[in-house]
Amino acid sequence: MAGKEAIKLKLTAPTVVKSLLAQYELRPSKGLGQNFLINEHYLEQIVAAAAVTPAEVVVEIGPGLGALTRALAPAAGRVIAIEKDERLQPLLQTVLADLPQVELLLQDALQVDYQQLVGEARPAKVVANLPYYITTPLVTRLLEQEIAWRSLVLLVQSEVAERMLATPGSKEYGLLGVMIQCEYEVMTVARVPASAFYPAPKVASTVVKLCPLASRGALPVSRAWLWQVLRAAFAQRRKTLLNALSANLPLTKGQIKGALLDLGLKADIRGEDLTPEQFIQLAALLV
Ligand code: SAM
């Protein structure tokens, strides 16, 4: 397909997606979580939620056939699209040919050093229709780095969105939600039915937006220590927090009990009952 013809195509049209795949002799890979967005309405909602400006650099994970990349590019100063599937390179190079602000990086997003990639130069945002199989490790990797993300707009499985949004005491509340909520506010942007993708996945999806809390730059402890405490707290879910922390951190039960009492918490409380703020306070007392 000539470059100009490919650029003019509506990349969310199911017929276009199917004919592009056929033309480049590609079959969507289940293993790589390739469920392409074929609904313009949800694409627009993602772009609107990201509200990208020319001053910002956008990191897009998994451009696929380039639909979201093309939609983001006009407003962005720079888009770095990271795609693991090298088979998509010829197609993406054609589809993105007229967009000099888009950089295609053929890499595993789980291996990328985002600090080095984004640098200090610009404010950065993440926008992605994420491959389901890497959601948790990828979000963990994006958030553990010292990058002042302005926001992250992510299309994820609804079940994962529920874990990101979960409140203390609920069944879904766990490590992922607390890690995020210690520094970000999580909002639902849209529920996306399986029919909005080709091929359709088995489950529904949700677009979430993560915005940094005002306190994000001012954690009283290092993120590394906070996350070590969180990982220890949720390592054994049925244990009390006291037992889970003492089994997984170089601290005595006396030290941990003292910190819990200082915070006005019972010694037999479980990790899933603490708010993110209480975890931050606890981590600060346990340094
Ligand atoms: N952005 C496109 C869209 O919305 O239609 C495609 C989204 S599709 C759910 C996920 C994309 O992520 C696929 O293109 C897939 O090849 C890519 N991908 C899967 N694993 C990846 C990884 N580890 N690093 C980078 N990209 C990956």
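Atoms considered below: every heavy atom in the structure, side chains included; atoms not considered: hydrogens, waters and symmetry mates. Counting starts at 1 for both ligands and their atoms, in listed order.
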(Q) Which of the numbered atoms in ligand 1 are under 4.0 angstrom from any heavy atom belonging to Gln34? (A) 13 (C), 15 (C), 16 (O)
(Q) Can you report which non-hydrogen protein atom sits closest to atom 17 (C) of ligand 1, along with the distance? (A) Glu83 OE2, 3.3 Å
(Q) If we only consider heavy atoms of Gly33, is any one of them less than 4.0 Å away from an atom in ligand 1? (A) yes
(Q) Show, in sequence, the C-alpha distance, side-chain angles and deciding distance for Glu183 and Arg223, and conclude whether the salt bridge (charged side-chain N to carboxylate O under 4.0 Å, His left out) test is met. (A) CA-CA 10 Å; Glu183 297 183 82; Arg223 185 173 306 120; 2.7 Å; yes
**Q.** Heavy-atom nearest neighbour in the protein, as seen from atom 5 (O) of ligand 1, with distance rounded to 0.1 Å
**A.** Leu37 N, 2.9 Å
Q: Scan side-chain atoms only and decide if Lys253 and Asn243 contain a donor-acceptor pair under the 3.5 Å cut-off.
A: yes
Q) Do the side-chain N and O atoms of Ser205 and Tyr132 include a donor-acceptor pair separated by under 3.5 angstrom? A) yes
Q) Taking N or O atoms only and a 3.5 Å limit, does Gly62 qualify as a polar contact for ligand 1? A) yes
**Q.** Straight-line distance of Lys257 NZ to Lys266 NZ, nearest 0.5 Å
**A.** 14.5 Å
Q: Would you check whether Phe36 has a nitrogen or oxygen atom less than 3.5 angstrom from a nitrogen or oxygen atom of ligand 1?
A: no
**Q.** Residue part near ligand 1, for Ala128, under 4.0 Å between non-hydrogen atoms
**A.** neither
(Q) Looking at ligand 1, is there an atom of it that comes within less than 4.0 Å of some heavy atom belonging to Tyr133? (A) yes
Q | Residue Gln107 vicinity, atoms of ligand 1 by number, heavy atom under 4.0 Å | A | 24 (N), 25 (C)
Q: May I ask you to check whether Asn129 has an N/O atom sitting below 3.5 Å from an N/O atom of ligand 1?
A: yes
Q: Give the cluster check for Ile280 versus Leu213: same hydrophobic cluster or not, with ILVMFWY residues linked at side-chain heavy-atom distances below 4.5 Å.
A: no
Q.
For Arg191, is the CZ atom crowded, meaning more than 12 foreign heavy atoms sit under 6.0 Å from it?
A. no
Q. Do you see a donor-acceptor pair shorter than 3.5 Å between the side chains of Glu40 and Thr12?
A. yes
Q | Minimum side-chain heavy-atom gap Pro14-Tyr198 below 4.5 Å | A | no
Q) Quick one: which ligand 1 atoms are inside 4.0 Å of a heavy atom on Ile82? A) 25 (C), 26 (N)
**Q.** Heavy-atom side-chain contact between Leu65 and Leu92 under 4.5 Å
**A.** no
Q.
Students should be able to answer this: which protein heavy-atom is nearest to atom 19 (C) of ligand 1, and at what distance?
A. Leu32 O, 3.1 Å
Q. Ion pair present between Glu272 and Lys171, side-chain N to carboxylate O less than 4.0 angstrom?
A. no
Q) Numbering the atoms of ligand 1 from 1, which are under 4.0 Å from a heavy atom of Glu60? A) 1 (N)
Q.
Please list, in number order, the atoms of ligand 1 under 4.0 Å from a heavy atom of Ile134.
A. 22 (C), 23 (N)
Q.
Using a 4.0 Å cutoff against the non-hydrogen atoms of Ala109, which atoms of ligand 1 qualify?
A. 22 (C), 23 (N), 24 (N), 25 (C)
Q: Distance to 0.1 Å, residue and atom name: give those for the protein heavy atom nearest to atom 18 (N) of ligand 1.
A: Pro131 CG, 3.7 Å
(Q) Using a 4.0 Å cut-off to any heavy atom of Asp85, which atoms of ligand 1 qualify? (A) 16 (O)
(Q) With heavy-atom distances below 4.0 Å as the criterion, list the atoms of ligand 1 near Asp108. (A) 22 (C), 23 (N), 24 (N)
Q) Roughly how far, to the nearest 0.5 Å, is CG of Leu176 from CD1 of Ile180? A) 4.0 Å
**Q.** Closest approach of any protein heavy atom to atom 2 (C) of ligand 1, naming residue and atom
**A.** Pro63 O, 3.3 Å
Q | Nearest non-hydrogen protein atom, atom 22 (C) of ligand 1 | A | Lys84 CB, 3.5 Å
Q: Could you tell me whether some N/O pair between Leu130 and ligand 1 is separated by less than 3.5 angstrom?
A: no
Q | Side-chain donor-acceptor pair present, Arg216, Tyr184, cut-off under 3.5 Å | A | yes
Q: Please work out which of the three classes, parallel, tilted or perpendicular, describes the rings of Phe279 and Phe234, given edges at 30° and 60°.
A: tilted
Q) What part of Tyr132 sits under 4.0 Å from ligand 1 if we count only heavy atoms: the side chain, the backbone, both or neither? A) neither
